[in-house]
Protein chains: 2
Amino acid sequence: MADKVTIGDVARYAKVSRQTVSNVLNSPEIVREETRRRVRDAVKALGYRASQAARQMRTGRSRLIAARIEPAQEDGINGSVFDRFLHGLTESAARAGYRVLLYTADDHGAELATFDDLLGAYDPDAFVLTSTDYGDPRTTWLLEQRIPFVTFGRPWGVPPERGYPWVDVDGAAGTAMATRYLLDAGHRRIGFLGWPEGSGVGDDRRAGWARTMAAEGIGAAELAELDYRTSDGVPEGEAAAGALLDAERPVTALVCVSDSLALGALQTRRRICVIGFDDTPVARAVGLTSLSQPLAEAAASCVSLLIGQLDGDGAADRARGAAESPPAHRLLQPSLVRRRSA
Amino acid sequence: MADKVTIGDVARYAKVSRQTVSNVLNSPEIVREETRRRVRDAVKALGYRASQAARQMRTGRSRLIAARIEPAQEDGINGSVFDRFLHGLTESAARAGYRVLLYTADDHGAELATFDDLLGAYDPDAFVLTSTDYGDPRTTWLLEQRIPFVTFGRPWGVPPERGYPWVDVDGAAGTAMATRYLLDAGHRRIGFLGWPEGSGVGDDRRAGWARTMAAEGIGAAELAELDYRTSDGVPEGEAAAGALLDAERPVTALVCVSDSLALGALQTRRRICVIGFDDTPVARAVGLTSLSQPLAEAAASCVSLLIGQLDGDGAADRARGAAESPPAHRLLQPSLVRRRSA
DNA sequence: TTTCAGAATTTGATCGTTCAAGACGGACTA
DNA sequence: TAGTCCGTCTTGAACGATCAAATTCTGAAA
C-alpha cells in the first residue's frame with residue numbers, strides 16, 4: 001500500500017509551495033495558467049487526494065451529510081421508498097463532493113442526543129430529516145443550534161417565520177391526478193382509502209381526491225360516504241374496501257393513500273379499480289396502478305438546497321446573523337404509473 | 001452555539017495536562033483513580049467530545065465503516081433485505097464506536113475507483129461488501145491493499161488460501177427446513193423454483209431442497225422433474241409454477257429461492273403450498289410463508305469480525321506481515337415464518 | 001533605469017489530538 | 001546516602017491541510 005501522498009509531495013514534484021497546490025485545488029483562478037497545469041499534472045501523477053481529516057481540522061467542514069436510516073416499518077411495504085431516497089441522496093451528495101453518514105435513533109429524544117453526539121465527534125455539515133411530523137422537536141433543535149438541514153417532507157403546522165428549507169412531493173396533486181384519471185374512465189363512485197385525520201401526508205393526499213371530486217359536482221354528503229379512514233396495513237385495506245363495496249351505493253373505484261391499503265383492496269378480488277400511492281415494489285409485482293414519487297429528484301433537490309446553504313452565502317448570512325431570504329423549498333409532482341389494477 | 005470544547009479546556013478545568021485527559025479517555029488504567037475521576041467530571045461538566053478529525057490526523061483511524069447502498073433492483077422486492085441489513089449494521093457499528101459511510105457504484109469497476117477515492121479522502125477503516133459473486137474483483141483488490149473488510153455472503157469459488165472474513169446465512173439449511181416442513185405435512189411432490197445454475201446463493205438454496213428430498217428416497221430422475229429454473233421475477237414465478245402444476249405428475253408444494261418467485265406462484269391461485277425466501281414485506285403482506293434471514297444478527301457479526309481486525313491484534317498481525325489464524329467467519333441459520341401459504 | 005501596483009507565490013502559524021520522551025516524587029535496594 | 005525503579009503526570013512535536021501575512025515577480029509608467 002503506497003504511503004499517503006500529501007500536499008507537500010505534490011508541491012515538491014511540481015516545484016511549487018504547499019500553498020500553491022492548495023490554491024490550485026480551492027481557488028484555481030488566482031494561480032497562473034502554466035503553474036496550474038503543472039500542479040494538476042503532479043496531482044494526477046502522484047494520485048494525490050486531499051485528506052478530509054486534515055482539511056476539516058483547518059476549515060471546520062467535514063463534507064459529511066448525516067441521515068437517519070429508518071427501521072423497517074411494521075408493515076414494511078413502504079420501507080423501500082426511503083431506501084430509494086437514500087440511494088439518490090448518496091449519489092447526489094457524492095456528485096457535490098459530500099458523503100452520507102448514517103445514524104439510527106428509535107425516537108425523537110434519542111435522535112436529538114445522536115445529533116449532539118455526531119456534531120461533537122464527526123461534525124457533519126448538515127442533516128437530512130425524513131418523516132417529519134407535527135411539532136417535530138428535531139427541526140426546532142437544529143434551528144436553535146443553527147445547524148444547516150433540509151427535510152424531505154413539508155413543515156406540517158410550522159409557522160412560516162420558523163421556516164426552514166424543505167423538499168416534498170405534492171401528494172394532493174397526485175391523488176387529484178389519480179381521481180381525474182378514474183373520472184375520465186367513467187367512474188363516479190370513487191372512494192378514498194385514507195389514514196385517520198391528523199397526519200400531514202395523509203390529509204394532503206385526501207385533499208387532492210376531495211377537491212377533484214367536488215369540482216365534478218359531487219356534494220359533501222356523498223364525499224363523506226366515499227371517504228374511509230383506517231390505520232395502514234394490508235388487512236385493514238381489505239376490510240375497508242369490503243365495507244365500501246358492500247355499502248348501499250357501492251364504490252366502483254378506489255384511490256388509496258398507500259400501496260398497503262391498495263394491496264388490501266385488491267385482495268378482495270372484487271371487480272374494482274384501485275390506485276395506490278408510492279409505487280412500491282409490491283405494486284410493480286402485483287400490477288397495481290400507483291402514484292410514483294420522483295425520489296431521485298427529491299434527493300437531488302435536498303442536496304442542492306443544502307449546498308446552497310453550505311457552499312453559498314450561508315456562512316456569510318449566519319455571520320451577519322440574519323436570514324434575509326426565506327428558506328428555499330421545492331414541491332415535486334408525482335406521476336401515475338398505469339398497471340392492470342386501473 | 002457553544003464554541004467547541006477541546007481537550008485543553010478539559011485539562012484546564014481538571015487542572016491536569018492535555019495528555020492526562022487523553023490518557024483517561026484512551027488508557028484509563030495508567031491514570032491514578034482520583035485524577036481519573038476529576039477528569040471524567042470535567043468531561044461531563046463541559047460536555048467534551050473528542051474531535052474525530054483531529055484524532056484521525058494523529059492515529060490514522062477514522063472510525064468509519066464504508067458500505068455500498070445498492071440501487072433498487074429491477075424487481076425491488078428483495079431490496080428491503082439489504083435495507084434491514086444496513087440498519088442493523090449502522091446500529092451495531094454505533095455500539096462499537098463506529099459510523100457507517102455510504103457510497104454508490106454501478107459496477108465493480110466503478111466500485112474499485114470509489115474504494116480508492118474514499119480511502120484517499122475519508123480513509124474509512126474498513127469496508128462491508130454485499131452481493132459477492134464468483135471471482136469478485138473487489139475482494140482481491142482489498143486483500144492486495146490490505147484493507148480490512150468483511151463480506152455479507154460467502155466467498156463463492158475463492159480458494160481457502162485467499163480467504164477473508166465473511167458472514168452468511170445458511171440458505172441450504174433454510175430450504176432443507178422448508179422442505180422437511182412440507183414433507184412432514186404429507187407432501188411428496190415438492191418442487192423447487194430456483195434461479196439458473198451459476199449463482200452461489202441460488203445453487204446453495206437448491207442444494208438444501210435436493211438433499212432433503214434425496215434423504216426421503218426421492219430419486220434423481222424425479223428430482224430433475226421437480227426442479228425448475230428461471231430468472232427472478234413475479235411473472236416468471238407465475239409461469240414456472242404453472243408449468244409445474246400442469247405437468248403430467250403435478251407438484252403439490254413449492255419451495256422457492258425468492259419471495260418474488262413465490263409471489264408469482266401464489267398468483268396462479270391454484271391449490272398449492274408455497275414457501276418463499278427472505279421474508280420480505282410482501283410476504284408478510286400477502287401471507288406468504290417464507291424463510292427469514294437473521295439480518296440484524298448478520299450485521300452485528302460483520303461488525304464484530306471487523307472490530308476483531310481493527311481494535312484487536314490486527315495491526316500487530318499486519319506489522320508482522322503474517323495472518324497466522326485463518327480469517328474468521330460465521331454462518332447463521334434462517335428461520336421459517338409460517339403464514340397462510342403453507 | 002527606477003518606481004510602483006498588482007499578480008503570483010511562499011512562509012509561518014494553526015486547527016485538536018496523540019505519540020514519544022522527559023520530569024518528578026516516593027519507595028525500595030544496595 | 002546514593003542509586004534505581006516505578007507509577008504518574010507533563011512537555012514538545014507531529015499529523016496534513018488552510019489561513020493570513022509576507023515576499024517575490026512582472027510589466028508598465030515615469
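Treat the numbers as computed from the prediction; the structure is a model and nothing was measured.
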*Asks:* Closer than 4.0 Å, any side-chain N/O of T35(A) to the OP1 or OP2 of dT9(C)?
*Replies:*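 Indeed, a polar side-chain atom of T35(A) lies that close.
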*Asks:* Would you say the side-chain atoms of S62(A) and Q52(A) include a donor-acceptor pair closer than 3.5 Å?
*Replies:*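 No donor-acceptor contact under 3.5 Å links the two side chains.
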*Asks:* Output the rounded distance in Å from CD (Q56(A)) to P (dC15(C)).
*Replies:*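 After rounding, the gap between these two atoms is 15 Å.
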*Asks:* Take atom CE of M57(B) and atom C1' of dA13(D), then tell me their distance rounded to the nearest Å.
*Replies:*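 Between C1' of dA13(D) and CE of M57(B): 13 Å.
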*Asks:* If the cut-off is 4.0 Å, is S22(A) near the phosphate of dT18(D), judged by side-chain N/O to OP1 or OP2?
*Replies:*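 For S22(A), the contact criterion (side-chain N or O under 4.0 Å from OP1 or OP2 of dT18(D)) is met.
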*Asks:* Over how many whole Å does the gap from E34(B) atom CD to dT8(D) atom P extend?
*Replies:*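 So the CD-P distance, E34(B) to dT8(D), works out to 12 Å.
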*Asks:* Which residue is it: L89(A), L86(A), T90(A)? I am looking for the one with a side chain to side chain contact (heavy atoms under 4.5 Å, CB included) to T104(B).
*Replies:*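 That would be T90(A).
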*Asks:* Could you tell me the separation between the CG atom of D9(B) and the C1' atom of dG16(C), rounded to a whole number of Å?
*Replies:*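 For the pair D9(B) CG and dG16(C) C1', the rounded distance is 10 Å.
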*Asks:* May I ask you to say whether R12(B) pairs ionically with D9(B), meaning some side-chain N is under 4.0 Å from a carboxylate O?
*Replies:*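 Here R12(B) pairs with D9(B) in a salt bridge, since their nearest N and O are under 4.0 Å apart.
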*Asks:* Going by modelled atom types, is there a donor-acceptor pair between the base of dT18(D) and the side chain of R58(A) at under 3.5 Å?
*Replies:*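 Yes, a donor-acceptor pair under 3.5 Å.
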*Asks:* Are the ring centres of W166(B) and F152(B) closer than 6.0 Å?
*Replies:*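 Centroid distance W166(B)-F152(B): not below 6.0 Å, so no.
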*Asks:* Given dG16(D), is OP1 or OP2 found less than 4.0 Å from the side-chain N or O atoms of S51(A)?
*Replies:*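 So the side-chain polar atoms of S51(A) never come under 4.0 Å of the phosphate oxygens OP1 or OP2 of dG16(D).
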*Asks:* Quiz question: by atom type and distance under 3.5 Å, do the side chains of Y98(A) and R61(A) form a donor-acceptor pair?
*Replies:*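 A pair is found: one side chain offers a donor N or O, the other an acceptor, under 3.5 Å apart.
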*Asks:* Nearest whole Å is fine: how far is dA17(D) P from R12(A) CZ?
*Replies:*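 For the pair R12(A) CZ and dA17(D) P, the rounded distance is 12 Å.
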*Asks:* Rounded to the Å, how far apart are D123(A) CG and dT17(C) P?
*Replies:*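 The distance from CG of D123(A) to P of dT17(C) comes to 12 Å, rounded to the nearest Å.
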*Asks:* Out of dC19(D), dT10(D), dT17(C), which nucleotide sits closest to the side chain of A54(B)?
*Replies:*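 Taking heavy atoms from C-beta onward, the closest nucleotide is dT17(C).
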*Asks:* Between E29(B) (CD) and dT8(D) (P), how many Å, whole number?
*Replies:*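 Value for this atom pair: 11 Å.
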*Asks:* Counting side-chain heavy atoms from C-beta on, which of dT18(D), dT18(C), dA17(D) comes nearest to I7(B)?
*Replies:*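 Looking only at heavy atoms from C-beta outward on I7(B), the closest nucleotide is dT18(C).
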*Asks:* Tell me which nucleotide among dC9(D), dG16(C), dA13(D) gets nearest to the side chain of R18(B).
*Replies:*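 For R18(B), the side-chain atoms sit closest to dA13(D).
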*Asks:* Rounded to whole angstroms, how far apart are CD on Q19(A) and C1' on dA21(D)?
*Replies:*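 Whole-Å distance recorded here is 11 Å.
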*Asks:* Checking contacts here: which listed nucleotide (dT10(C), dA8(C), dA17(D)) is nearest the side-chain heavy atoms of N23(A)?
*Replies:*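 Nearest to the side chain of N23(A) among the choices is dT10(C).
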*Asks:* Using only side-chain N and O atoms of R55(A), determine if any of them is under 4.0 Å from OP1 or OP2 of dT18(D).
*Replies:*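 True: R55(A) side-chain N/O within range (under 4.0 Å) of dT18(D) OP1/OP2.
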*Asks:* So, OP1 or OP2 of dT18(D): does either fall under 4.0 Å of a side-chain N or O from N26(A)?
*Replies:*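 Answer is yes, contact under 4.0 Å.
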*Asks:* Is it true that S304(A) and S301(A) share a donor-acceptor pair across their side chains at a distance under 3.5 Å?
*Replies:*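 Note: S301(A) and S304(A) side chains miss the donor-acceptor criterion.
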*Asks:* Base, sugar-phosphate or nothing for A53(A)? Non-hydrogen atoms, less than 4.0 Å.
*Replies:*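 Since no nucleic acid heavy atom lies under 4.0 Å of A53(A), the category is nothing.
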*Asks:* Categorize T20(B) for me: base, sugar-phosphate, or nothing, with a 4.0 angstrom heavy-atom threshold over every strand shown.
*Replies:*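 Counting heavy atoms under 4.0 Å across all strands, the contact made by T20(B) includes a base.
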*Asks:* Which residue lies toward the 5' end of DNA chain D, V21(A) or R32(A), if each is placed at its nearest nucleotide?
*Replies:*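 The answer here is V21(A).
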